[in-house]
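All chains are named by letter (A, B, ...) in the order of the sequence lines, taking the proteins before the strands, and each is independently numbered beginning at 1.
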Number of protein chains: 2
Amino acid sequence: MISRGPALRDQVYSHIRDRIVSGTLEPGRVIVEVELAAELNVSRTPVSNALVMLKERGLLEDDGGKLKVPILKLEDVIDLYWCRMAHDGLASRLAAERIGAKDLKQLETYLRAWETPEREDDLSALWVSDLNFHHLIYRVAGNRHLLRFSELTTELVSVYRRNTIRRMTDPESGTNRSRNDVRTEHEAIYEAIASRNPDAAEEAARYHIRMVIQHLEQADLVIQSEQVGL
Amino acid sequence: MISRGPALRDQVYSHIRDRIVSGTLEPGRVIVEVELAAELNVSRTPVSNALVMLKERGLLEDDGGKLKVPILKLEDVIDLYWCRMAHDGLASRLAAERIGAKDLKQLETYLRAWETPEREDDLSALWVSDLNFHHLIYRVAGNRHLLRFSELTTELVSVYRRNTIRRMTDPESGTNRSRNDVRTEHEAIYEAIASRNPDAAEEAARYHIRMVIQHLEQADLVIQSEQVGL
DNA sequence: CTGACGAATGCTGCATGCAGAGTGCAGAGT
DNA sequence: ACTCTGCACTCTGCATGCAGCATTCGTCAG
């Protein structure tokens, strides 16, 4: 586990973050500094530092003096997506003003991933494409603070990655949002950026996220219905 | 300096943050852990933790292994204001959907601060009113992640508070943005929120920040002109 | 049997020890 | 006089010691 390159606390940070995101450290779990230190064969100091970082980023939360993996309710995820709507909208606007030929081409290849025939094991590949697509837009936007906000949001949302993937792509989820919807929305964003139309780009990005939010809310309704026994 | 209530590292954090914001620790300054520890009569541990927190929030930056107070260029501030545009727009939209009578009244009182006759020593009071006005909107919006983003942005921008106040209100700055402009824009936001019109509220907030950005860019042009001897 | 009080344990925050890396200065060699 | 090398100092990161706080468990009394 321990190597000499990056500072120990950063390695510890990455490790714990991955465990949170992957669910090995499940939501609600109380984080015990000593445990992690023992597990990673380091002293408590770098672990403590890593925990401070994680807390700052919202990947851990203080609950009565104890650090816990936050239990994000769907409401929280939706709140995060509202932020994403604002961020993605702005990023797309800026990207439409600034994008160059090379990045545009790259953006197109990410878009194409959604055209391939559907296979079950493609889900994670699709997810990666989705991340790449949006991330490239942020890079092109050239606003480092905006990029940072986006990363914070993505990190938090990714705690729910597994769930949202399933919901978004599972035809049994009771909602009718298909990969074609996503594809169409991405295409609209791409077209607007490609035609250097900032207003249209922002609106397309916002529409895309609004659809995701709508879908999340519908999924929540379905889940709630199931819980009351419908 | 040391009290027993909040954790030492949080006290240290606040102290250093205030020194950065107030300019006592000027941009570019290299932060020396031992110095601060000695100055505050604490050990290096809580200082180290505080520095990690400050770095996470962008109030310190890593520069070749050394921690420095970041030197924000005007371009950075403008980037931050673009983010604010997105955030304030969203917050105003959400606030317009959710605000209650009591908060609305409070919002109105903050608005009124801009109607008082102009006095030089009112500048900081105006600034506080401005902060309160916008902050209340965020609280009403009821999206904790959005609130957090806003706080991060405000914290960073406030490193430049002094400058922006001067530029915004100094009639000699060469631009013609007056407090009446700000007042009018705030009123538009208020009116839209009061009439529960989310679209109008978002647009009014965005317009407000766009004007600030425009002003910042103009001020920059003026400064650049001065620098080349015009 | 239950409730309350006290002891023991576990965990965290702060202090300090220790070692490695970077920097600057000085002295020696050309 | 200039440069290169080496030594000393400084600072940071990690480890560990220490003490206070909370929680829990056990025991004793009602």
Could you tell me how far apart [X] ([atom1]) and [N] ([atom2]) are, to the nearest whole angstrom?
{"X": "B:E33", "N": "D:dC11", "atom1": "CD", "atom2": "P", "result": "10 Å"}
{"X": "A:E39", "N": "C:dC11", "atom1": "CD", "atom2": "P", "result": "14 Å"}
{"X": "B:K66", "N": "D:dT10", "atom1": "NZ", "atom2": "P", "result": "14 Å"}
{"X": "B:L40", "N": "C:dC14", "atom1": "CG", "atom2": "C1'", "result": "14 Å"}
{"X": "A:L36", "N": "C:dT12", "atom1": "CG", "atom2": "C1'", "result": "14 Å"}
{"X": "A:D63", "N": "D:dT23", "atom1": "CG", "atom2": "P", "result": "11 Å"}
{"X": "B:R44", "N": "D:dG17", "atom1": "CZ", "atom2": "C1'", "result": "15 Å"}
{"X": "B:N41", "N": "C:dC14", "atom1": "CG", "atom2": "P", "result": "15 Å"}

From A:L107 atom CG to A:H134 atom NE2, the distance as rounded to the nearest 0.5 Å
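Nearest 0.5 Å value for the CG-NE2 distance: 10.0 Å.
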When rounded to the nearest 0.5 angstrom, what distance separates CD in B:E97 from CD1 in B:I193?
11.0 Å
Touch check for B:I31, heavy atoms < 4.0 angstrom, all strands: base, sugar-phosphate only, or nothing?
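Sugar-phosphate, no base atom in range.
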Classify the ring geometry of B:H186 against B:H208: parallel below 30°, tilted from 30° to 60°, perpendicular beyond 60°.
perpendicular
Could you tell me whether the side chain of A:D88 and the main chain of A:A205 form a donor-acceptor pair under 3.5 Å?
no
Strictly distance-based, threshold 3.5 Å: is any side-chain N or O of A:T153 a donor or acceptor partner for the main-chain N or O of A:F149?
yes
Given that A:P46 and B:V34 both sit by DNA chain D, which one's nearest nucleotide is further toward the 5' end?
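Nearer the 5' end of the strand: B:V34.
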Hey, which of these two, A:T45 or B:E35, hits DNA chain D nearer its 5' end, going by closest nucleotide?
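First, find each residue's nearest nucleotide; the 5'-ward one identifies B:E35.
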When both hydrogen-bonding distances must be under 3.5 Å and the geometry is Watson-Crick or G-U wobble, what is C:dC1 paired with, if anything?
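Partner of C:dC1: D:dG30.
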Now, which nucleotide makes the Watson-Crick or G-U wobble pair with C:dA19, with each of the two distances under 3.5 Å?
D:dT12
Can you find a side chain N or O atom of A:S43 that sits less than 4.0 Å from OP1 or OP2 on D:dC14?
no
